2 protein chains.
Amino acid sequence: MHSFTEENYLKAIYHLSEGNMEAVSTNQIAEMTNTKAASVTDMLKKLAEKKLINYIKYQGVTLTNTGVNAAVNIIRKHRLWEVFLVEKLGFKWDEVHDIAEELEHINSDTLVNRLDDFLGNPVADPHGDPIPDRSGLIKHKKLVKISDMQTGESGTVSGVSEHSSIFLKLLEKMGLTLGTKIIISELIEFDGSIMLTIDQKTERTISREVAKNILVIL
Amino acid sequence: MHSFTEENYLKAIYHLSEGNMEAVSTNQIAEMTNTKAASVTDMLKKLAEKKLINYIKYQGVTLTNTGVNAAVNIIRKHRLWEVFLVEKLGFKWDEVHDIAEELEHINSDTLVNRLDDFLGNPVADPHGDPIPDRSGLIKHKKLVKISDMQTGESGTVSGVSEHSSIFLKLLEKMGLTLGTKIIISELIEFDGSIMLTIDQKTERTISREVAKNILVIL
DNA sequence: TAATTTGTTTAGATTAATCTAAAAATTTGT
DNA sequence: ACAAATTTTTAGATTAATCTAAACAAATTA
């Protein structure tokens, strides 16, 4: 198995290369892992040695298949534990990240699979992020940022692209939690903010910055 | 907080000083933690520096109050996770120790207390060991080894003093799990083995070695 | 009680992960 | 295309946890 630290690097590289399939840079990894570039370089050599990443000096890195598998497995654990914390222990969606960050490193396939079953094989975590199944497969939904929607369009809030507690608490307060139905009632030209109807009842205006981080299924 | 490693030393010292309230020796700790005596000495200095143990060169160690609290808290977590694994995830009592050994180091009081409530505030783990409450209090039951019982005496199996998977599986096979009622039917002089009636039905003979490790409430 | 055995500590290395400062490579801007 | 700026890597230290071998202390035993 890989060390706690190695796992965190793999996860960081995975997240950084999601979306844009490009190589990830040393500095990006350093920022994500709260370390210095020099430390990252050292670790990259080690991970390359173990064939978990493809690394060429000065050219950035990509995960190998083995590396992707390892990363996906950690993410699976992280998200399952988040579901557990919210569904079974009554935590709020903004409280679970740090604890899951620790739990994700517990090593036991049996444990993860039994937890998965115990939770009823959930397909998404409390923030709407998809949970890889036991073979590592991830079912991505087609999600759209509210900031990309047009007047009159409607959809269901199904994810967020910002996971900070402060942002999640804000959504909670505004009634924009997962599952909420919204209709865009007006795009305000002046500052780009967006007026929408929540659950056919409440009218609300949200800033462009907030709208960019809420993901919706049309 | 204390490191993973420090926590394991505290736990080892706690377990070694249970029962006999004497100071614990360097070698005892080395054996329990699978390290060498020299490494233990180093760590003892560190723990003494942090006022978690009372340490005098060549004289062994005892835990300070702070040290006891830290150790009890780890044990509380370990035993609660064991209950979770057995009661909620369907693990057998001989399968949970190693996983709980990892889970016990997860750091969050809220998590532990919510887990405790979720499990219905259990008083004992799957092996019958008492679970400290959130203030650190441990309710010890008066348990007797089967090997110390007399012919005609009866009791309920309520604990074990040997936690190895091989031993627990054996008890399972013999029907001597927790809650089982037994009556001593005969003490066999020849080899010290003991004949007993299980749940008013089955007659069985167990070796003195096995009998020594089964604990009973009279 | 002196000698031997056993147990513990010190000294000096090692490994993993990190850092700072300096050197080297790459990218950018004119 | 070359100089400047940025990014990445190397070099050399540091910290936590561990080890082996040697020195030292305590307990045992003859």
Side-chain angles (χ1 to χ4, degrees), chain A residues 1-17 20 22-63 67 70-71 74 101-102 104-107, chain B residues 1-17 20 22-63 67 70-71 74 101-102 104-107:
Chain A
M1 268 311 109
H2 317 115
S3 76
F4 190 99
T5 313
E6 286 168 348
E7 291 192 345
N8 283 335
Y9 275 92
L10 293 173
K11 197 176 43 143
I13 297 166
Y14 182 88
H15 283 311
L16 288 166
S17 52
N20 63 333
E22 314 246 316
V24 170
S25 78
T26 303
N27 268 352
Q28 283 179 292
I29 300 169
E31 188 180 12
M32 175 133 315
T33 57
N34 289 305
T35 55
K36 295 299 155 74
S39 313
V40 173
T41 301
D42 282 348
M43 182 55 81
L44 294 183
K45 287 182 193 163
K46 192 174 164 189
L47 294 175
E49 189 67 39
K50 293 193 177 190
K51 306 233 186 277
L52 292 162
I53 60 172
N54 305 113
Y55 171 53
I56 309 164
K57 264 193 196 182
Y58 295 101
Q59 308 287 177
V61 294
T62 56
L63 291 170
I74 298 158
E101 204 80 352
E102 295 194 51
E104 73 189 6
H105 299 288
I106 304 291
N107 245 317
Chain B
M1 267 310 111
H2 316 115
S3 76
F4 189 100
T5 313
E6 286 168 348
E7 290 192 346
N8 282 335
Y9 275 91
L10 291 173
K11 197 176 44 145
I13 296 165
Y14 181 88
H15 283 311
L16 288 166
S17 50
N20 63 329
E22 313 244 317
V24 171
S25 77
T26 302
N27 267 352
Q28 281 178 293
I29 300 169
E31 186 179 13
M32 175 133 318
T33 56
N34 289 307
T35 55
K36 295 298 155 71
S39 313
V40 174
T41 301
D42 283 347
M43 182 55 80
L44 294 185
K45 286 182 192 163
K46 190 174 164 188
L47 294 175
E49 190 67 39
K50 295 193 174 190
K51 307 233 184 281
L52 292 162
I53 60 171
N54 306 113
Y55 171 52
I56 309 166
K57 264 193 194 182
Y58 294 103
Q59 308 286 177
V61 294
T62 56
L63 292 170
I74 299 158
E101 204 81 352
E102 296 194 52
E104 73 189 4
H105 299 287
I106 305 291
N107 245 318

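Being a predicted model, the structure only gives us computed values, none of them experimental. Naming convention: chains lettered A, B, ... in sequence-line order (proteins, then strands); numbering from 1 in each chain.
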Quick one: label [X] by what it contacts on the DNA or RNA (base, sugar-phosphate, nothing), any heavy atom closer than 4.0 Å.
X       : answer
A:Phe4  : nothing
A:Ser39 : base
B:Thr41 : base
B:Thr26 : sugar-phosphate

For [N], does OP1 or OP2 lie under 4.0 Å from any side-chain N or O of [X]?
X       : N      : result
A:Ser25 : D:dT8  : yes
B:Lys36 : D:dT20 : yes
B:Asn27 : C:dT8  : yes

Is any side-chain heavy atom of A:Leu63 closer than 4.5 Å to one of A:Tyr14?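 A:Tyr14 reaches A:Leu63 side chain to side chain.
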With a 4.5 Å heavy-atom cut-off, do A:Ile13 and A:Leu44 have their side chains touching?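 The answer is yes, as the side chains (C-beta and beyond) meet within the 4.5 Å cut-off.
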[N] [atom2] sits how many Å from [X] [atom1], rounded?
X       : N      : atom1 : atom2 : answer
B:Glu6  : D:dT18 : CD    : P     : 10 Å
B:Lys45 : C:dT9  : NZ    : C1'   : 7 Å
B:Met43 : D:dA16 : CE    : P     : 10 Å
B:Glu31 : C:dT6  : CD    : C1'   : 15 Å
B:Ile29 : C:dG7  : CD1   : P     : 14 Å
A:Leu44 : D:dT7  : CG    : C1'   : 13 Å

Near DNA chain C, which residues from residues 49-63 of chain B have a heavy atom under 4.0 Å away?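 Here the set is B:Tyr55, B:Lys57, B:Tyr58.
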According to salt bridge (charged side-chain N to carboxylate O under 4.0 Å, His left out), who are the partners of [X], at least two apart in sequence or on a separate chain?
X        : value
A:Lys50  : A:Glu6
A:Glu31  : none
A:Glu104 : A:Lys11

Which residues pass the side chain to side chain donor-acceptor pair (under 3.5 Å) test with B:His2, sequence neighbours left out?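 B:His2 satisfies side chain to side chain donor-acceptor pair (under 3.5 Å) with no other residue.
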Of the options D:dT9, D:dC19, C:dT18, whose atoms approach the side-chain atoms of A:Asp42 most closely?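 The closest nucleotide is C:dT18.
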With both distances kept under 3.5 Å, what pairs with D:dT7, Watson-Crick or G-U wobble?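 WC or wobble partner is C:dA24.
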Show me the side-chain donor-acceptor pairs of residues 22-29 of chain B shorter than 3.5 Å, one per line, residues at least two apart or across chains.
{"unit_1": "B:Ser25", "atom_1": "OG", "unit_2": "B:Gln28", "atom_2": "N", "d": "3.2"}
{"unit_1": "B:Ser25", "atom_1": "OG", "unit_2": "B:Gln28", "atom_2": "OE1", "d": "3.3"}
{"unit_1": "B:Gln28", "atom_1": "OE1", "unit_2": "B:Ser25", "atom_2": "N", "d": "2.8"}

